[in-house]
Participant: 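Sharing a structure, written as structure tokens. Questions coming.
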Amino acid sequence: MIEQSMSAPPRGGARLPVRAGAGRYLILTVVFICAACGLVYELELVALASYLIGDSVTQASVVLSVMVFAMGVGSLLAKRLRCRAAFGFGLLEAALALLGGSSALVLYASFIWLEESRYALVGFSLAIGILIGAEIPLLMSLIQRFSRQDAEGTVADLFAADYVGALIGGLAFPFLLLPWLGQLTGALLTGAVNAVAGGGLVLWLFRRDLTSRSRWVLVSVNVLVLALLATAAVLVDDFERAARRVVYGEQVRVAIHTGVQEVVITGGRSGPLELYLDGRLRVSARDEFRYHEALVHPAMRGPHTRVLILGGGDGLAAREVLRYGGVREVTVVELDPGVVRLARTDPALRELNGEAYGDGRVRAVYADAFTWLRHAVDAGGVGAVGSGVYDVVISDLPNPGVTASTKLYSEEFYGLATRVLADGGRLAVHAGSPATQRHTYWTVDATLRAAGFGTRPYHATGRPSGFAAGPDRVKDGTPAVSDWGFDLAVVGGSPRLGLARDVPRLRSLEGATLMAGARGVERTRVRGLPPSTLVHPRYGS
């Protein structure tokens, strides 16, 4: 039986322009390319939805679940096209190229101008999933024209090419497309590759299966798709500039992709400087000192010769630390070198941080904070808790409510911090807002205590600020919170919330407070977690 199959001529071989082996190889190559493009579309939707909407776990779950369901639907629908598999596959790939290539652009536009991108996200996930799901059944019909092996072997070859293509697409997206082209242009280029591969296969290899009208339709459709994608690629820079003006206003001075995130700086010349990271306001010159003074100064009460700042690449926490004459060394561990580069070179940001990086006591290290702490513990031979070399550790990290920063608020992370702190050293942690993130706020406190710290939760309040250390703001830049929550922690003891004797005069505006009283935090208490019992007077003057 196998001998008969191997010696039998391919089905329809008289009408095919190449030998069976070459034709099979070409089809598997197109399967590989289409699979890579399909995974890029999928990752593009996940990445952009996480950037625009937040909560990467939820967005990834929505995209993946909808697409997998839609692929099943697409496989069923493809049965209707098997009688005209070549023509159907050509139209399908043109539609997939247009939808997948333009998905990022449309999703971004819906968020900017319609203020809603969830429906577009689900719609594109559903449509792209259906088209991807229909590919394999049609390709199975096409490859059988060339196959000299049984159906099981043909299916194995198709899925092997599909899975390897998915691997290449998954690696190309973060390492090539994003850093070199960006999200929008990368998606458009992927769509163009998809259209050329799918259309080229059908119009050349299976051209004899098409009527003159079908060939004309496929050529016209593919030319139109490529023209639309090329036009969008030419205009994408203008589109991004217009979108930034809608989001950030007319005073955008710096807009760069650093390889880690998008960094945008507005103002600084004719208005207050504002720094946005991945679309979220992180620093406003109007009142950033409220946050940074409240984060840094309570921890400086006590020895503070050596200070470690985790995060804080903008140099603003370092600015507050350097106000103490007893500081001899400041180490800033920042993941994104681009932020530090701007803090060193941008005139307005450099003025705001007091040229902190120009101080010889400050050393910047570019690394993930968790990984750096682990290596510092291993390399330094630090073993026992309290045997480290830092008197103060300042955790100026992304909001604890952001999924990507979860490990930086874990018990393991704080356990590493206990080992780099000297005996009696203090750890100050930004813990989210006790007003809008009460569960998160008290979870951070519970995690610190589980790691062996004694804690004093506190928060800084005042007039509604223009600064939110995380995604808690509405689209027009108005913050959704008017306070910031912190935790002051000491290993095995009860920290005293107060200020160092040599504290410089602080700039907090009238009405700003730093408090951790039972009445002040009772409303934010999570059941089962005790509130702080320390009452602290007004902070600053």
Side-chain angles (χ1 to χ4, degrees), residues 40 43-44 46-54 56 104 108 111-112 171-187 189 236-237 239-241 243-245 247-248 251-268 273-285 288 309-318 331-353 355-358 362-372 396-399 402-405 407-408 467-471:
V40 169
L43 295 174
E44 187 69 48
V46 171
L48 195 56
S50 301
Y51 168 67
L52 298 177
I53 304 172
S56 58
Y108 195 32
F111 175 80
I112 300 300
L171 295 176
F173 178 72
F175 296 114
L176 293 177
L177 295 178
L178 274 184
W180 289 97
L181 298 174
Q183 289 180 315
L184 304 185
T185 305
L189 177 63
V236 73
D237 289 339
F239 171 84
E240 287 188 314
R241 281 192 290 269
R244 286 195 190 102
R245 285 196 294 270
V247 175
Y248 305 114
Q251 297 187 28
V252 176
R253 288 195 300 106
V254 177
I256 60 172
H257 291 274
T258 63
V260 176
Q261 59 198 337
E262 181 189 54
V263 181
V264 174
I265 297 179
T266 67
L273 178 143
E274 291 185 336
L275 172 67
Y276 296 82
L277 302 180
D278 275 345
R280 292 171 174 84
L281 181 63
R282 289 299 175 87
V283 171
S284 173
E288 54 76 23
I309 300 175
L310 303 174
D314 49 39
L316 299 171
T331 302
V332 179
V333 180
E334 168 60 46
L335 177 63
D336 190 353
V339 173
V340 176
R341 191 179 307 114
L342 285 172
R344 293 179 187 272
T345 59
D346 183 78
L349 185 55
R350 192 175 63 205
E351 179 181 358
L352 188 63
N353 65 35
E355 300 191 0
Y357 288 108
V362 177
R363 177 174 68 100
V365 177
Y366 307 124
D368 172 76
F370 193 104
T371 304
W372 187 89
D396 186 14
L397 294 166
N399 195 287
V402 178
T403 305
S405 64
K407 69 177 181 179
L408 304 178
F467 173 84

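For the numbers below, each heavy atom of this structure counts, side chains included, while hydrogens, waters and symmetry mates do not.
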Participant: Do Asn353 side-chain atoms and Leu349 backbone N/O form a donor-acceptor pair below 3.5 Å?
Facilitator: yes
Participant: Kindly compute the distance separating CG (Leu178) from OG1 (Thr185), expressed to the nearest 0.5 Å.
Facilitator: 11.0 Å
Participant: How long is the gap from CG on Asn399 to CZ on Arg280, to the nearest 0.5 Å?
Facilitator: 9.5 Å
Participant: Knowing that exactly one of Val263, Ile265, Thr266, Leu275 qualifies, which makes a side-chain contact (heavy atoms from CB on, under 4.5 Å) with Val254?
Facilitator: Ile265
Participant: Classify the ring geometry between Tyr108 and Phe239 as parallel (under 30°), tilted (30 to 60°) or perpendicular (over 60°).
Facilitator: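 Answer is perpendicular, since the angle exceeds 60°.
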Participant: Within the structure provided, determine whether Leu273 and Asp346 are in side-chain contact (heavy-atom separation under 4.5 Å).
Facilitator: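 They are in contact (side-chain heavy atoms under 4.5 Å apart), so the answer is yes.
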Participant: Side-chain contact test, heavy atoms from C-beta onward, threshold under 4.5 Å: evaluate it for Val252 versus Val264 and give yes or no.
Facilitator: yes
Participant: Looking only at non-hydrogen atoms, find the nearest pair between Gly312 and Glu334 and report the distance.
Facilitator: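 Reported closest heavy-atom pair: N-OE1, 3.8 Å.
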Participant: Side chains of Thr258 and Leu342: does their closest heavy-atom pair fall under 4.5 Å?
Facilitator: no
Participant: Less than 4.5 Å apart, any side-chain heavy atom of Thr331 and any of Trp372?
Facilitator: yes
Participant: Nearest heavy-atom pair of Phe173 and Pro179: which atoms, and what distance?
Facilitator: O-CD, 4.3 Å
Participant: Do Val283 and Leu352 have side-chain heavy atoms sitting under 4.5 Å apart?
Facilitator: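 A side-chain contact exists here, since the closest heavy-atom pair is under 4.5 Å.
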Participant: List the steps, then state whether side-chain contact (heavy atoms from CB on, under 4.5 Å) holds for Leu335 with Gln261.
Facilitator: CA-CA 10 Å; Leu335 177 63; Gln261 59 198 337; over 6 Å; no
Participant: Rounded to the nearest 0.5 Å, what separation is found between the CG atom of Asp336 and the CG atom of Leu277?
Facilitator: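 The CG atom of Leu277 is 7.5 Å from CG of Asp336, to the nearest 0.5 Å.
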Participant: For Ala104 versus Leu48, what's the shortest heavy-atom pair and its separation?
Facilitator: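 Looks like O-CD2, 3.2 Å.
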Participant: Can you see which heavy atom on Gly315 is nearest to which on Ala356, and at what distance?
Facilitator: O-CB, 3.7 Å
Participant: If every non-hydrogen atom of Pro398 is compared with every non-hydrogen atom of Leu408, which pair is closest and at what distance?
Facilitator: CD-CD1, 4.5 Å
Participant: Check whether Tyr357 reaches the backbone of Gly313 with its side chain - one donor and one acceptor, N or O, closer than 3.5 Å.
Facilitator: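 Present.
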Participant: Nearest heavy-atom pair of Arg244 and Ala255: which atoms, and what distance?
Facilitator: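 Reported closest heavy-atom pair: NE-CB, 3.3 Å.
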Participant: Under 3.5 Å, sequence neighbours excluded: what are the donor-acceptor pairs made by side chains of residues 362-371?
Facilitator:
| residue | atom | partner | partner atom | Å |
| --- | --- | --- | --- | --- |
| Asp368 | OD1 | Lys407 | NZ | 3.3 |
| Asp368 | OD2 | Phe370 | N | 3.2 |
| Asp368 | OD2 | Thr371 | N | 3.0 |
| Asp368 | OD2 | Thr371 | OG1 | 3.1 |
| Asp368 | OD2 | Lys407 | NZ | 3.2 |

Participant: Return the NE2 to CD distance between His257 and Gln183, rounded to the nearest 0.5 Å.
Facilitator: 7.0 Å
Participant: Would you give the length of the straight line joining atom CZ of Arg350 to atom CG of Asp314, rounded to the nearest 0.5 angstrom?
Facilitator: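 Answer for the CZ-CG pair, Arg350 versus Asp314, is 15.0 Å.
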Participant: With no hydrogens and no angle check, do the side chains of Glu262 and Tyr51 hold a donor and an acceptor under 3.5 Å apart?
Facilitator: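 Judged by distance alone, the side chains do pair up.
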Participant: Would you give the length of the straight line joining atom CG of Leu171 to atom CG of Leu177, rounded to the nearest 0.5 angstrom?
Facilitator: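 One finds 11.0 Å between CG of Leu171 and CG of Leu177.
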